[in-house]
Amino acid sequence: MKIHAVDRQGKEHTLEGRDGWSVMEILRDGGLDIAAECGGACACATCHVYINDGWFEKLPTPSEAEIDMLDMALAVEPNSRLSCQVICSDATDGIKVTVAPE
Amino acid sequence: MTAAPIETRPAEGGAIETDVAIIGAGPIGLFAVFELGLLDLKCHLIDILDRPGGQCTELYPEKPIYDIPGLPIVTGQELTNKLMEQIKPFNAQFHFSEMATSLEKQADGRWKLKTDAGTELISHVVVVAAGAGSFQPKRPPVPGIETFENAGDGIGVHYAVRKMETFRGKNILIAGGGDSALDWVINLAPLAKSVTLVHHRDGFRAAAHSVNQMRELEKEGKVKFYVASVKAIHGEPGKMTGVTLAGHDKSEWHHETDTFLPFFGLTIKLGPIAEFGINLNENLIPVDTARFESQTPGIFAIGDINSYTGKLKLILSGFHEAALMAQAAFHIARPNEKLRFQYTTSSSNLQKKLGVS
Ligand SMILES: Cc1cc2nc3c(=O)[nH]c(=O)nc-3n(C[C@H](O)[C@H](O)[C@H](O)COP(=O)(O)OP(=O)(O)OC[C@H]3O[C@@H](n4cnc5c(N)ncnc54)[C@H](O)[C@@H]3O)c2cc1C
Ligand code: FES
């Protein structure tokens with residue numbers, strides 16, 4: 001189960017996802033610079049990523065709480081998500097994400 | 001909130017003398033007051049937030065914590081309230097909404113800690129309980145935005161409104177969709193020349209009644225709202241003339257404004273502690289595990305800010321660190337006194353301090 005992630009310097013990383021873990025956790029453990037200050041509690045919006053290449057539409061729709069919290073993120077685009085709320089599974093194998101600026 | 005914090009200002013022109021200056025009023029800074037208080041050490045605390053609790057109240061006030069010994073379930077706010085109640089007998093002084101900005105050693109061996117509000121604390125011991133650093137406003141990723149900060153009253157970029165009057169007659173641009181953004185749209189509209197709100201969507205996390213009020217003002221033509229974001233700021237440093245706004249469809253347009261107020265909440269930045277001359281390793285302060293003292297004698301570090309082999313960033317670990325730190329701090333603040341180990345259950349002396357006997 002792969003995650004293709006582009007960091008803030010534009011470098012692409014291919015990381016191994018883990019079933020049931022959030023994309024934020026995989027990015028953080030993979031050494032990408034992502035603050036995730038609230039540790040995945042959907043309370044800080046510092047785990048903001050863009051979901052690329054048609055993957056946005058394939059994900060389950062974000063919860064009301066996530067949509068609200070995205071209001072506290074910077075540079076939000078229509079394909080923005082909070083990576084702590086995107087959960088790895090077989091269905092996300094190969095997902096492409098870009099870490100948003102801070 | 002149960003316990004109202006006491007705020008103090010420095011005596012006219014004078015520094016405040018105390019035993020211990022604590023940077024950070026998160027759960028660990030608060031419990032340090034208790035442990036130091038049992039040893040008769042008086043504390044002043046500084047926090048950039050306007051209330052106690054650190055991460056507990058800023059990031060998860062309503063969420064339950066399950067691993068505080070003896071409290072099977074307690075929310076971030078409740079734990080903070082209980083700590084405030086527990087330390088009440090020691091009458092610590094709080095300096096809220098102030099950033100600790102500099103630290104120097106005085107000739108007499110004590111420390112002088114200064115804040116951005118002009119407070120000066122002189123103490124025997126400094127305890128850094130700064131968590132992951134200070135909570136600071138999120139700065140939008142607009143090139144050169146920092147050159148428009150601190151431009152002066154009512155002009156340039158501001159992350160807070162201190163005096164509404166300074167915005168009278170100004171063209172104001174506000175960004176964000178939370179309570180702060182909407183509250184300031186509503187409050188500044190009557191006195192501004194114009195108020196424009198930009199947000200990434202036509203929906204807001206702010207309280208419904210604020211949203212309704214904003215929509216009302218929009219209908220009356222008193223507020224303009226665009227689904228857009230700020231892409232560029234124009235003018236010279238200190239003198240903003242306008243911004244470029246961009247919609248999701250990539251359309252861009254110029255918008256004239258005197259001031260830009262982004263409200264995207266807070267983020268944690270290490271902040272001025274990095275310049276205090278304390279040895280840091282990856283933004284953490286290495287300490288020994290007997291005293292929790294930094295490599296600079298007299299400066300202690302407890303809670304999330306410190307590092308040592310086996311460190312866990314848990315509230316429970318921070319409480320333990322505070323207890324051991326207090327013992328070591330005592331010997332620095334009271335070099336000629338003997339420390340007596342006592343239990344709160346059985347010592348009438350301690351109970352007197354706690355106001356229970
Ligand atoms: C969502 C979430 C859930 C958590 N759940 C748990 C849990 O279940 N159990 C658990 O044990 N832990 C939990 N934690 C971790 C716990 O909150 C932290 O370990 C704890 O808050 C650390 O306390 P602290 O006092 O060291 O620092 P903080 O709480 O970070 O407080 C530090 C304070 O210092 C201030 N400060 C820093 N520098 C300056 C300066 N220069 N000037 C002025 N002020 C300054 C900051 O503004 C801040 O208020 C959780 C954390 C999060 C985010
Ligand atoms: S880590 Fe805080 S919202 Fe995702």
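Only a predicted model underlies this, so the values are computations on that prediction, with no experimental measurement involved. By convention in this document, chain letters (A, B, ...) are assigned in the order of the sequence lines, proteins followed by strands, and residues within each chain are numbered from 1.
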Identify the heavy atoms of Lys138(B) and Ala45(A) that sit nearest to each other, and give their distance. NZ-CB, 3.9 Å
Tell me, yes or no, whether the heavy-atom count around Asp249(B) atom CG, taken from other residues, nucleotides or ligands under 6.0 Å, exceeds 12. yes
Picking from Ile268(B), Leu266(B), Leu59(B), which has the most non-hydrogen pairs under 4.5 angstrom with chain A? Ile268(B)
So, for Pro141(B) and Leu74(A), which heavy atoms are closest and what is the spacing to 0.1 Å? CD-CB, 3.7 Å
Determine whether a donor-acceptor pair (N or O, by modelled atom type, separation under 3.5 Å) exists between the side chain of Lys63(B) and the backbone of Ala41(A). yes
Return the minimal non-hydrogen interatomic distance between Glu37(A) and Thr267(B), and the atom names on each side. OE2-OG1, 2.6 Å
Regarding Asp68(A) and Arg201(B), does a basic nitrogen lie under 4.0 Å from an acidic carboxylate oxygen? yes
Give a yes or no on whether Glu62(B) atom CD has more than 12 heavy-atom contacts from other residues, nucleotides or ligands under 6.0 Å away. no
Could you tell me which portion of Ala73(A) (side chain, backbone, both or neither) has an atom closer than 4.5 angstrom to a non-hydrogen atom of chain B? backbone
For a 4.5 angstrom cut-off between non-hydrogen side-chain atoms, does Met72(A) reach Arg205(B)? yes
